[in-house]
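Here the structure is a predicted model, which means the values were calculated and not measured.
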Amino acid sequence: MSKEISRRKFLEKGATAAIGLAVVPSVVLGKKFGHTAPSDKLNVLGVGVGGRGAGVLRAIQGENIIGLCDVDWRYADRAFKEYPNAKKYNDYRRMYDELLKSADAVVVATADHTHAIIAAQAMAAGKHVYVEKPLTHTVYESRLLTKLAAKHKVATQMGNQGASGPGVRKVCEWIWNGEIGEVRKVEAFTDRPIWPQGLNRPEQVERVPSTMNWDAFIGPAPFRPYNSIYTPWNFRGWWDFGTGALGDMACHILHPVFKGLKLGYPTKVQGSSTLLLTDCAPTAQMVKLIYPARDNMPKVAMPEVEVYWYDGGLMPMRPEGMPAGKSLNDEGGGVIFHGTKDTLICGCYGVRPWLLSGRNPDAPKVLREVNGSHEMDWVRACKEDPEDRVETTSDFSEAGPFNEMVVMGVLAVRLQALHQELEWDGPNMRFTNIPENATIRTVVKDGFNITDGHPTFNKTWTDPIHANQFAQELIKHTYREGWSLPDMPV
């Protein structure tokens, strides 16, 4: 190629050919072209690195980890030591102020309630994001991240690792090939929680450890005094910070259901549980979601389907013909697809799918196999040009709507005191049949005593709350002052 040909003309005339090369130097393509060469390392920031975040970073440790943030430096100490050259922070906002411009990508593995705000700000700045499951804390946040990913054309991945595994692919291929017929009912469950749930809000106020930035942990949630029962890890059971067993595990267990049945928004939901407290998720719960008929596929119809969820030790009844002694629980949960021709069963993450009939169909392979880990599939996508990118197996165009399914289950449980099946308008993110004058109460504190041999039940309830306003607050949180999401229509 002549030296006189300008770089601009090379990009105009030779970009297509250049993309075909195994490695294209970034100095040739440049940032304006939106391409990072596969030979280059990503500059990565990690937010929430004491737990799952540490595992994600280890899976991509060949990249350049330039900044680490955790609100609990004692919990994150191991990760800090693994990356001694990374700058350390206890507030992601300060890390963003100093390092976001230098970063290519951000890993978010904080408590559920801060996933959206951290990821949204990164995407609005044009950074790729990997976000641990559940993707967000609310329906609105899921919708927002979906829109931001599309607008900014960044590579995204939710941390439901089964999406990159062979089990989910096989479940989809069997369903789409008509092997089990039409599916009108699905049952799914998890053996979680394995962390405390069903607890009263602690009354004792503890001293904040010197290694903890408690205000940054609270983030956009309403402020409350510090107590060691909330974090680390146990945040999952507290409504302000987590989404309970459903939010924690349904992103793993329900993914083959959402993907295999090509679900969108549900039309009706309802939930029930053990004692529902204001602050803490119940010890066990059940949810029913109804999805309308979808477009038929070439080999199978997609009629209306009911999806049931169980947790806290509750499980669906064993299907007729299930071998005696064989557990439905496989790696923490399971799914039963009730088809008109056969019954398909798989475990958590979609692992080891099998048919009740004993058949092992050889369905056509229609989904790509992931070469490497779930995390490295995201790294690969980060380094591809947006116009030619092969999307990850749980990019936000799918993970966002799917996560809405998960947090919709939380809504159904938290609104169960209305004693009705709730009708959902998905496009407009609102319930349409909650009576205008309806109120709702929840139990602030549960108590039980025996006095002179007689039981007394001492429940402390909230005052009646306007039900529609309560529901709207669950759909789209009011953030604490000083914390906000990017403003864009969803």
Side-chain angles (χ1 to χ4, degrees), residues 11 15 19 24 26 29-38 40-48 56 60 63-64 66-67 69 92-93 95-110 114-160 163 220 374-404 429 476 479 483-490:
L11 291 176
I19 287 173
V24 185
S26 57
L29 293 180
K31 289 185 177 180
K32 184 176 180 181
F33 192 72
H35 184 93
T36 303
D40 291 346
K41 291 185 177 182
L42 296 175
N43 286 335
V44 179
L45 303 178
V47 189
V56 175
I60 65 167
E63 304 308 307
N64 189 25
I66 64 171
C69 177
Y92 85 92
R93 295 171 298 180
M95 182 170 71
Y96 276 12
D97 287 343
E98 296 183 9
L99 295 183
L100 192 59
K101 287 183 179 180
S102 302
D104 300 303
V106 180
V107 170
V108 182
T110 56
T114 51
H115 284 184
I117 194 169
I118 297 169
Q121 290 173 9
M123 286 192 288
K127 310 304 177 181
H128 311 295
V129 293
Y130 181 107
V131 182
E132 262 303 322
K133 54 77 196 163
L135 184 64
T136 71
H137 202 236
T138 68
V139 171
Y140 175 84
E141 291 172 342
S142 292
R143 194 75 57 93
L144 176 64
L145 293 198
T146 304
K147 298 279 189 178
L148 283 170
K151 177 181 178 180
H152 296 285
K153 299 183 179 180
V154 291
T156 58
Q157 183 86 298
M158 179 167 73
N160 54 330
H374 189 65
E375 295 84 357
M376 287 305 295
D377 190 48
W378 170 66
V379 169
R380 183 265 317 152
C382 292
K383 297 179 180 182
E384 293 178 352
D385 179 80
E387 304 307 320
D388 298 279
R389 178 183 296 141
V390 176
E391 297 296 352
T392 62
T393 55
S394 194
D395 72 277
F396 291 0
S397 66
E398 177 175 291
F402 168 43
N403 199 76
E404 291 191 33
M429 292 184 291
K476 181 184 179 182
Y479 281 6
W483 301 78
S484 62
L485 288 165
D487 186 22
M488 71 174 293
V490 298

Asker: Which donor-acceptor pairs under 3.5 Å do the side chains of residues 116-124 make with protein atoms, sequence neighbours left out?
Answerer:
unit_1: Q121; atom_1: OE1; unit_2: Y92; atom_2: OH; d: 3.0
unit_1: Q121; atom_1: NE2; unit_2: Y92; atom_2: OH; d: 3.3
unit_1: Q121; atom_1: NE2; unit_2: S484; atom_2: O; d: 3.4

Asker: Can you tell me if T110 uses its side chain to pair, donor with acceptor, with the backbone of G48 under 3.5 Å?
Answerer: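 No.
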
Asker: Just checking, is any N or O donor in the side chain of T136 or N403 under 3.5 Å from an acceptor N or O on the other one?
Answerer: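 Looking only at side-chain atoms, N403 and T136 do form a donor-acceptor pair, the distance falling under 3.5 Å.
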
Asker: Name the one of V47, I60, L45 that satisfies side-chain contact (heavy atoms from CB on, under 4.5 Å) with V107?
Answerer: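 Result: among V47, I60, L45, I60 is the only option passing the side-chain contact (heavy atoms from CB on, under 4.5 Å) with V107.
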
Asker: Do M158 and V131 touch side chain to side chain, with heavy atoms closer than 4.5 Å?
Answerer: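 In short, these two side chains do not touch, never coming nearer than 4.5 Å.
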
Asker: I'd like to check the side-chain hydrogen bond (donor to acceptor under 3.5 Å, both in side chains) partners of K127; sequence neighbours left out, ordered by chain and number.
Answerer: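 With sequence neighbours excluded, K127 shows a side-chain hydrogen bond (donor to acceptor under 3.5 Å, both in side chains) to no residue whatsoever.
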
Asker: For the backbone of V108 and the side chain of H115, can you confirm whether one donor and one acceptor N or O come within less than 3.5 Å of each other?
Answerer: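 A pair under 3.5 Å: no.
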
Asker: Using modelled atom types and a 3.5 Å cut-off, is there a donor and acceptor pairing between side-chain atoms of T156 and backbone atoms of F396?
Answerer: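 Yes; judged by distance alone, with no hydrogens or angles, the pair exists.
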
Asker: Counting N and O atoms only, with roles assigned by atom type, does the side chain of E63 sit under 3.5 Å from a partner on the main chain of K41, one being a donor and the other an acceptor?
Answerer: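 Absent.
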
Asker: Measure from the side-chain N and O atoms of D104 to the backbone N and O of L42, and report whether any donor-acceptor pair falls under 3.5 Å.
Answerer: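 Not a single qualifying donor-acceptor pair exists.
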
Asker: Which distance, rounded to the nearest 0.5 Å, do you find between the CZ of R93 and the CH2 of W483?
Answerer: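 These two atoms lie 3.5 Å from each other.
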
Asker: Could you list all the salt bridge (charged side-chain N to carboxylate O under 4.0 Å, His left out) pairs where at least one residue sits in residues 136-146, not counting sequence neighbours?
Answerer: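 Only R143-E404 qualify under salt bridge (charged side-chain N to carboxylate O under 4.0 Å, His left out).
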
Asker: Go through the structure and list residues passing side-chain hydrogen bond (donor to acceptor under 3.5 Å, both in side chains) with D377, not counting sequence neighbours.
Answerer: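 By the side-chain hydrogen bond (donor to acceptor under 3.5 Å, both in side chains) rule, D377 matches R368, R380.
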
Asker: Under 3.5 Å, which donor-acceptor pairs do the side chains of residues 144-153 form with other protein atoms, sequence neighbours left out?
Answerer:
unit_1: T146; atom_1: OG1; unit_2: S142; atom_2: O; d: 2.8
unit_1: K153; atom_1: NZ; unit_2: E387; atom_2: OE2; d: 3.1

Asker: What residue pairs, at least two apart or across chains, pass ring-ring contact (aromatic ring centres under 6.0 Å, His included) with a residue in residues 129-151?
Answerer: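 Passing the test, one end in residues 129-151: Y130-W378, H137-H477.
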
